[in-house]
Amino acid sequence: MSGGFAQRAREALGNQQLHIALDRTTAQLVVRRAAGLASLEDADRVRDRARASKMQLLHTLADSLRAFEARLVENGARVHWAETAADANRIIVEIATKAGVRRVAKSKSMASEETHVNGAFERAGIGVVETDLGEYIVQLAGDRPSHIIMPIVHMTREQVGRVMAQRLAVPYSDDTQTLARYARAQLREEFLQADMGLTGANFGVVENGAICLVTNEGNARMVTTLPRVYVVLMGIEKLVPTMADLDRFLKLLARSATGQKLTAYTTLVRGPRRSGDDSGPDQMHVVLLDNGRSKILAGETAEILGCIRCGACLNACPVYRSVGGHAYGDVYPGPVGSIVTPGIRGLAPFAELPSASSLCGACREVCPVRLDIPRMLLALRHEAVEHTRQPAALRMGLKLFARVASRPRLYRAATAVVRRVLRSRARDGWIRRAPGMASGWTRFRDLKAPAAETFETAWRRRAAGRTS
Amino acid sequence: MSGARDAILGRVERAVRTGRIPSAPPHDRDEDGGTRADGDARRGAPDSARLQERFVLEARALGVETYVEPTAAAVCDRLRTLIAGLRVLAWNPDGLPYDCGSIVDGALLGSSPRADQARAEVGITACHGAIAETGSLALVAGPGCSPTVSLLPPFHVALVRPEDLHERFIDFVTARADALAQSSNCTFVTGPSRTADIELSLTIGVHGPGRVAIVIGP
Ligand code: SF4
């Protein structure tokens with residue numbers, strides 16, 4: 001990863017392919033979400049109640065985790081607790097090694113991307129394959145996902161076709177049906193060969209210990225059904241209290257993510273196979289991951305732990321739609337990422353992210369859980385400023401401005417000079433590179449050239465015109 | 001290991017004291033601890049004809065083929081037509097309604113070798129529930145009811161009885177809580193396997209069946 005957000009954003013803005021790909025999808029997802037929500041009876045009420053149950057859950061998270069753990073154990077699963085990403089990876093690799101696992105099939109999981117478990121498997125000599133179509137292509141291309149639910153939103157079908165042709169030695173095609181057929185054939189073998197399945201969890205139901213997984217492709221069903229060992233890696237915040245809550249969240253998640261009423265496959269896993277079953281894993285493990293979540297819970301952005309990773313705020317965000325997911329520099333992009341990433345990775349290296357927003361509020365508008373993302377972004381900006389001493393030039397500049405602005409004559413004289421200088425630099429009414437203290441502004445945006453006369457003189461002139 | 005557990009739970013307990021967690025307005029909380037679903041108060045008992053109509057409508061909208069047959073014999077005929085010439089994988093025959101068990105005599109079962117199951121061309125199941133609101137089938141794993149049957153073949157045929165119908169997800173979950181508690185895996189199938197990962201263009205049949213047919217009997 002090179003440079004900060006600003007540099008990556010600039011690169012992204014110059015990438016024509018990316019624009020084609022982003023344009024083709026985000027706008028459509030916004031429309032589909034709106035239509036999906038419209039098909040939900042009492043949508044506002046459902047969202048209110050979903051939000052209430054998540055917030056209530058966060059207030060009593062420790063007790064809910066204890067209850068959830070007890071239900072998991074009753075269901076026959078083994079529970080592990082991981083404080084950090086490294087701990088989670090160590091635990092998972094240990095489970096695999098003990099069980100003699102040689103191949104792992106993964107269903108899409110944000111938590112495992114967060115911990116970079118693939119690297120840990122590879123270092124231990126264990127093969128791992130992503131089975132979500134988008135993630136699989138990311139893996140083949142040696143790329144990174146750029147959207148929570150649409151990992152290859154940044155790629156065109158032509159690019160996907162080229163990657164598959166190169167890596168799988170199949171004839172090039174840009175027909176999505178053909179490309180999906182290639183993936184089906186390859187991954188079918190992987191499912192049948194894998195000794196271990198690894199998934200995240202969309203939800204964990206406290207009242208009965210069920211792990212709820214949703215996929216449209218069916219890969220989560222494959223990896224929970226075929227391999228003999230099954231591991232869930234989930235954040236400690238992914239709980240919902242009851243099945244009635246789950247019902248609500250499932251309706252909201254599918255609609256907000258893709259506009260569907262329900263995702264094609266919703267699976268509830270309650271432990272390893274029972275006696276008499278023909279399929280299902282012999283052992284099931286659940287790894288509960290903290291990795292900074294308890295720290296987030298203690299601060300101003302605690303609310304973000306109610307996120308159900310639907311991706312709606314990404315699609316709605318004008319910044320995300322212009323620069324794509326990679327510019328955000330970590331696994332969680334978009335408005336939600338600008339809050340989660342500094343939370344789990346520390347604010348200092350990602351201090352720019354909370355400012356990568358115009359605070360237009362589109363994210364809060366579409367969020368099914370009504371998370372107040374703009375408020376949290378502001379809180380993080382505040383924190384970032386408090387922890388970094390502003391440059392001396394800025395502090396002096398502000399002092400100087402205060403002096404000048406409180407002396408009318410001096411102010412008029414000074415603005416006349418500034419106006420002349422800026423206007424001399426303008427082309428077509430816009431300044432692309434401003435001098436001196438104004439240069440900070442034009443690092444990220446153009447500056448409109450000042451008008452020929454100031455508001456003050458224009459006002460005087462008009463007032464004079466009216467009275468005469 | 002218990003070190004990590006206690007450390008995490010301790011941090012979480014301390015965190016809620018300082019964290020800015022919005023409080024939930026009481027009227028948004030579930031009056032009864034969350035067991036009641038939305039809009040229950042104004043709901044009457046759903047009549048079965050309307051349920052079936054809704055189920056068929058929703059399933060069709062998902063691209064599922066649906067057949068409503070008046071007699072058990074007609075269900076069997078329909079099934080025979082659908083699977084003619086195909087290599088069959090099925091739930092155990094005694095788990096199939098309308099005496100369809102005899103039709104799948106000699107078929108591959110969930111207990112057959114994996115490699116053989118993977119070569120099947122159609123999977124035949126009944127269901128433990130059918131959700132009218134979303135057009136979903138509820139399939140609960142158990143002896144004779146292997147999830148592989150509805151998953152591995154490219155074509156899935158499900159037999160549905162009118163008494164399997166429930167209006168909503170939560171109605172099914174409540175009515176069949178015992179069956180769910182006894183099973184390690186319950187899957188709701190809502191239409192064929194699909195993806196929109198490449199430029200959002202809808203592509204059917206990625207890992208699961210690309211073709212789903214539902215036969216509803218008397
Ligand atoms: S913050 Fe809200 S809109 Fe964004 S991904 Fe999370 S739940 Fe969806």
Side-chain angles (χ1 to χ4, degrees), chain A residues 24-25 28 41-42 45-46 48-49 52 55-56 58-59 61-62 65 81 83 133-134 150 152 157 160 176-177 179-180 184 192 216-219 221-222 225 241-245 247 261-262 264-274 276-280 290 294 297-300 302-303, chain B residues 1 4-5 7-9 11-16 18-25 28-30 34-39 110-111 114 118 134 136 141-143 146-148 151 169-170 173 181-201 203 206-208:
Chain A
R24 283 183 192 168
T25 38
Q28 260 211 70
E41 190 188 341
D42 253 353
R45 179 104 183 101
V46 175
D48 287 340
R49 294 178 82 173
M55 294 308 130
Q56 188 59 31
L58 292 179
H59 275 289
L61 185 58
L65 281 166
W81 299 75
E83 293 200 64
L133 178 61
M150 302 272 162
I152 51 168
R157 67 180 73 204
V160 174
T176 56
Q177 201 72 46
L179 295 172
R184 179 183 168 103
L192 292 166
N216 273 316
E217 299 173 10
N219 47 326
R221 294 187 67 195
M222 291 282 185
T225 304
T242 65
M243 292 296 277
D245 291 308
D247 182 19
K261 285 183 181 166
L262 204 60
Y265 300 118
T266 302
T267 298
L268 300 169
V269 186
R270 279 163 89 163
R273 77 160 80 184
R274 312 270 165 113
D277 284 356
D278 292 319
S279 59
D290 183 343
S294 58
L297 187 65
E300 279 292 313
E303 190 182 341
Chain B
M1 257 344 60
R5 175 185 188 274
I8 293 172
L9 288 174
R11 275 201 301 274
V12 166
E13 245 151 27
R14 283 190 300 281
V16 297
T18 58
R20 179 151 169 185
I21 311 168
S23 59
D28 285 343
R29 282 189 220 141
D30 288 327
T35 51
R36 228 172 66 173
D38 305 294
S111 53
R114 271 289 155 71
T134 51
S136 313
S146 171
T148 51
L151 182 61
F169 172 87
I170 194 66
V173 164
Q182 277 159 32
S183 168
S184 63
N185 185 310
C186 172
T187 293
F188 298 84
V189 174
T190 310
S193 160
R194 52 187 275 169
T195 185
D197 271 357
I198 305 172
E199 284 187 9
L200 266 193
S201 87
T203 311
V206 190
H207 298 310

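We name chains A, B, ... by the order of the sequence lines, and we start the count at 1 in each one.
Options Thr148(B), Val173(B), Thr203(B) differ in how many heavy-atom pairs under 4.5 Å they form with chain A, and the most are formed by Thr203(B). No other option in Ala118(B), Gly110(B), Cys186(B), Ala7(B) has as many heavy-atom pairs under 4.5 Å with chain A as Cys186(B). Considering only heavy-atom pairs separated by less than 4.5 Å from chain A, the leading option among Gly208(B), Ser184(B), Ala15(B), Gly19(B) is Ser184(B). Your options are Glu303(A), Gln177(A), Met55(A), and the one with the most heavy-atom pairs under 4.5 Å with chain B is Gln177(A). Ranking Arg184(A), Met222(A), Glu300(A) against chain B, the residue ahead of the rest is Arg184(A), based on heavy-atom pairs under 4.5 Å. Put simply, of Ala180(A), Gly218(A), Ser279(A), the one with the most heavy-atom pairs under 4.5 Å next to chain B is Ser279(A). Of the listed residues (Ile152(A), Leu65(A), Leu179(A)), the greatest number of heavy-atom pairs within a distance under 4.5 Å of chain B belongs to Ile152(A).
When each of Arg14(B), Glu13(B), Arg11(B) is paired with Ser294(A), the side chain to side chain donor-acceptor pair (under 3.5 Å) condition holds for Arg11(B) and for no other. Just one residue in the list Ser183(B), Pro143(B), Pro147(B) forms a side chain to side chain contact (heavy atoms under 4.5 Å, CB included) with Asp277(A), and that residue is Pro143(B).
Contact annotation for Ser111(B): both backbone and side-chain heavy atoms come within less than 4.5 Å of a heavy atom of chain A. Residue Ser136(B) touches chain A through its side chain alone, counting heavy-atom pairs closer than 4.5 Å. Heavy atoms of Val189(B) lying under 4.5 Å from chain A belong to its backbone as well as its side chain. Within the 4.5 angstrom heavy-atom criterion, only side-chain atoms of Val160(A), from C-beta onward, approach chain B.
Listed here is the closest heavy atom pair of His59(A) and Val16(B): O-CG1, 3.8 Å. Scanning both residues, Ala302(A) and Ile21(B), for their nearest heavy atoms gives CB-CG1, 3.8 Å. Nearest heavy-atom pair, Met150(A) versus Ala196(B), reported as atom, atom and distance to 0.1 Å: SD-O, 3.8 Å. Of all non-hydrogen atoms in Met243(A) and Phe169(B), the two that sit nearest each other are O-CE2, 4.1 Å.
Taking CG of Leu133(A) as the start and OG1 of Thr195(B) as the end, the distance is 5.0 Å to the nearest 0.5 Å. The distance from atom CD of Gln28(A) to atom CG of Leu200(B), rounded to the nearest 0.5 Å, is 5.5 Å. Atoms CG and OG1, from Leu297(A) and Thr18(B) in turn, are 7.5 Å apart once rounded to the nearest 0.5 Å. To the nearest 0.5 Å, the span separating CZ on Arg273(A) from CG on Asn185(B) amounts to 12.0 Å. Taken from CD1 in Ile198(B) to OG1 in Thr25(A), the straight-line distance is 12.5 Å, to the nearest 0.5 Å.
Counting only N and O atoms by type, the side chains of Thr176(A) and Ser201(B) include a donor and acceptor under 3.5 Å apart.
A donor-acceptor pair is defined here as one N or O able to donate and one able to accept, closer than 3.5 Å; such a pair exists between the side chain of Ser193(B) and the backbone of Glu217(A).
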